[in-house]
Amino acid sequence: MDKYRIDSHKLIYHVHRVNDWLEGKNVYPIYAEISPSGTCNHRCTYCALDFMEYQSRFLDKEVLKERLSEMASLGLKSIMYAGEGEPLLHKDIGEIINHTRDVGIDVAITTNGVLFKKDIIEGTLENIAWIKVSINGATKETYAKIHKTNPDNFGRVIENMSYAVEEKRDKGYNCTLGMQLILLPENWHEAELLAQQAKDIGMDYLVIKPYSQHPLSRTTKYRGIKYSDYLHLADKLSTFNNNNFSVIFRINTMKKWDEGQRSYRQCLALPFWSYIDAGGTVWGCSAYLSDEHFIYGNIYKNTFKEIWESEKRLKSIRWTEEALDTNQCRVNCRMDEINRYLWELKNPSGHVNFI
């Protein structure tokens with residue numbers, strides 16, 4: 001039921017870009033994650049980026065729009081607005097979303113959904129490819145405990161997403177509407193209830209995913225969690241699936257968390273994506289924010305082309321391939337499946353011609 005390949009990867013659909021990379025050419029990213037806001041209205045117990053300290057900073061709208069137009073011309077195909085803060089806190093997020101799509105870039109949003117109100121929905125939904133709402137409980141009590149927010153926000157999120165479903169149906173939009181629960185000891189018993197709620201209000205899917213410890217995170221509460229204790233939920237949650245709704249239980253990712261092993265020795269995925277924080281800094285990897293080795297430049301000082309073709313970025317790529325110990329990387333990082341794919345391309349097993 002994972003038709004969006006959420007528990008896998010989609011680099012297989014970009015053969016020409018991968019081929020250019022295999023031939024040693026400089027390739028521009030296919031995907032970028034951008035943080036419009038550094039601050040957040042929640043303080044989730046599992047927050048990976050708590051070390052960023054929820055800084056009250058916001059990307060300049062005009063500079064970002066200029067860079068977005070440039071990045072589209074360079075081949076960037078998609079942007080997820082998420083990052084170290086809540087993206088919908090940016091006062092111009094609606095204009096940013098619409099401009100992104102206007103220049104030909106697909107738009108996605110990861111949000112806690114509290115601020116996904118009627119005006120934003122009505123003004124942007126037609127230009128959003130997908131939106132995923134983090135909702136880590138099926139009751140207001142559990143939700144408030146994990147998100148560290150007012151219990152009333154649970155109802156607001158349900159109301160907002162219900163309205164988004166109505167708007168999508170009434171206007172015939174293609175936006176995929178999803179929810180996501182990070183499976184934790186405090187909420188695993190509510191996974192089935194949340195699946196029912198998501199299905200009832202008309203969500204397209206609910207993702208159940210494992211926690212992932214960020215190397216720099218101050219939060220270590222869930223470092224020792226074992227997902228073998230929760231794999232029995234997969235069969236129960238599959239009963240909610242039909243042609244209109246699916247529960248994507250990320251069992252592959254959960255098993256990798258428990259195993260803690262990688263099948264590759266180098267990070268090869270960095271040329272295909274990038275991260276821009278709320279201060280405009282372009283990073284090679286969001287797991288190493290604050291590590292100078294992964295800083296490429298800043299969009300306030302240079303064009304994206306200048307940053308991407310700079311000696312600083314090329315030096316960073318070389319260092320990553322030659323010196324980075326991937327065993328120290330975040331387990332189940334966003335590029336993990338892509339790295340497994342690229343490593344196999346670079347280091348094929350025997351008998352590959354026997355297709």
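Because its NZ or CZ atom is both nearer than 6.0 Å to the ring centre of W21 and within 45° of the ring axis, K346 counts as a cation-pi partner of that residue.
The aromatic rings of W188 and H232 lie perpendicular to each other, with more than 60° between the two planes, well past the 30° mark. Taking the six-membered ring where the residue is Trp, W273 and Y31 present parallel rings, their angle staying beneath 30° rather than reaching 60°. Using bins of under 30°, 30° to 60° and over 60° for the plane-to-plane angle, the ring pair F354/H351 lands in the perpendicular bin.
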- prompt: Is there a side-chain hydrogen bond (donor to acceptor under 3.5 Å, both in side chains) between E186 and Y46 once you walk through the steps?
  reply: CA-CA 11 Å; E186 297 94 326; Y46 60 85; over 6 Å; no
task: Apply side-chain hydrogen bond (donor to acceptor under 3.5 Å, both in side chains) to the pair D336 and Y264, showing each step before the final yes or no.
output: CA-CA 9 Å; D336 180 70; Y264 51 90; 2.6 Å; yes
task: Could you walk me through whether Y222 and Y211 pass the ring pair (Phe, Tyr, Trp, His ring centres under 6.0 Å) test, one step at a time?
output: CA-CA 7 Å; Y222 306 108; Y211 171 75; 5.5 Å; yes
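The heavy-atom pair separating L181 from L206 by the smallest distance is N-CD1, 4.3 Å.
In summary, the aromatic rings of Y296 and W308 are positioned with their centroids under 6.0 Å apart.
Heavy-atom contacts from other residues, nucleotides or ligands closer than 6.0 Å to CZ of R5 number more than 12. Annotation for E159: atom CD does not count as buried by contact number, only 12 or fewer foreign heavy atoms lying within 6.0 Å.
In summary, E95 and K61 engage in a salt bridge, as defined by a charged side-chain N under 4.0 Å from a carboxylate O. Taking 4.0 Å as the cut-off between side-chain N and carboxylate O, E309 and K305 count as a salt-bridged pair. Salt-bridge check for E322 with R318: failed, with every basic side-chain N at 4.0 Å or more from each acidic carboxylate O. Remark: K256 engages E337 in a salt bridge, criterion side-chain N to carboxylate O under 4.0 Å. Residues D7 and R250 are paired through a salt bridge, judged by an N-O separation under 4.0 Å between the basic side chain and the carboxylate. Salt-bridge formation is not detected for the pair K65/D92: no Lys NZ or Arg NE/NH1/NH2 atom is positioned less than 4.0 Å from an Asp or Glu carboxylate oxygen.
When the side chain to side chain contact (heavy atoms under 4.5 Å, CB included) test is applied to T320, the partners found at least two apart in sequence or on another chain are C267, L270, F294, S316, L324.
T111 and E86 are linked by a side-chain donor-acceptor pair at a separation below 3.5 angstrom, with hydrogens and angles left out of the test. Checked by atom type, the side-chain pair S217/D50 shows a donor-acceptor distance below 3.5 Å.
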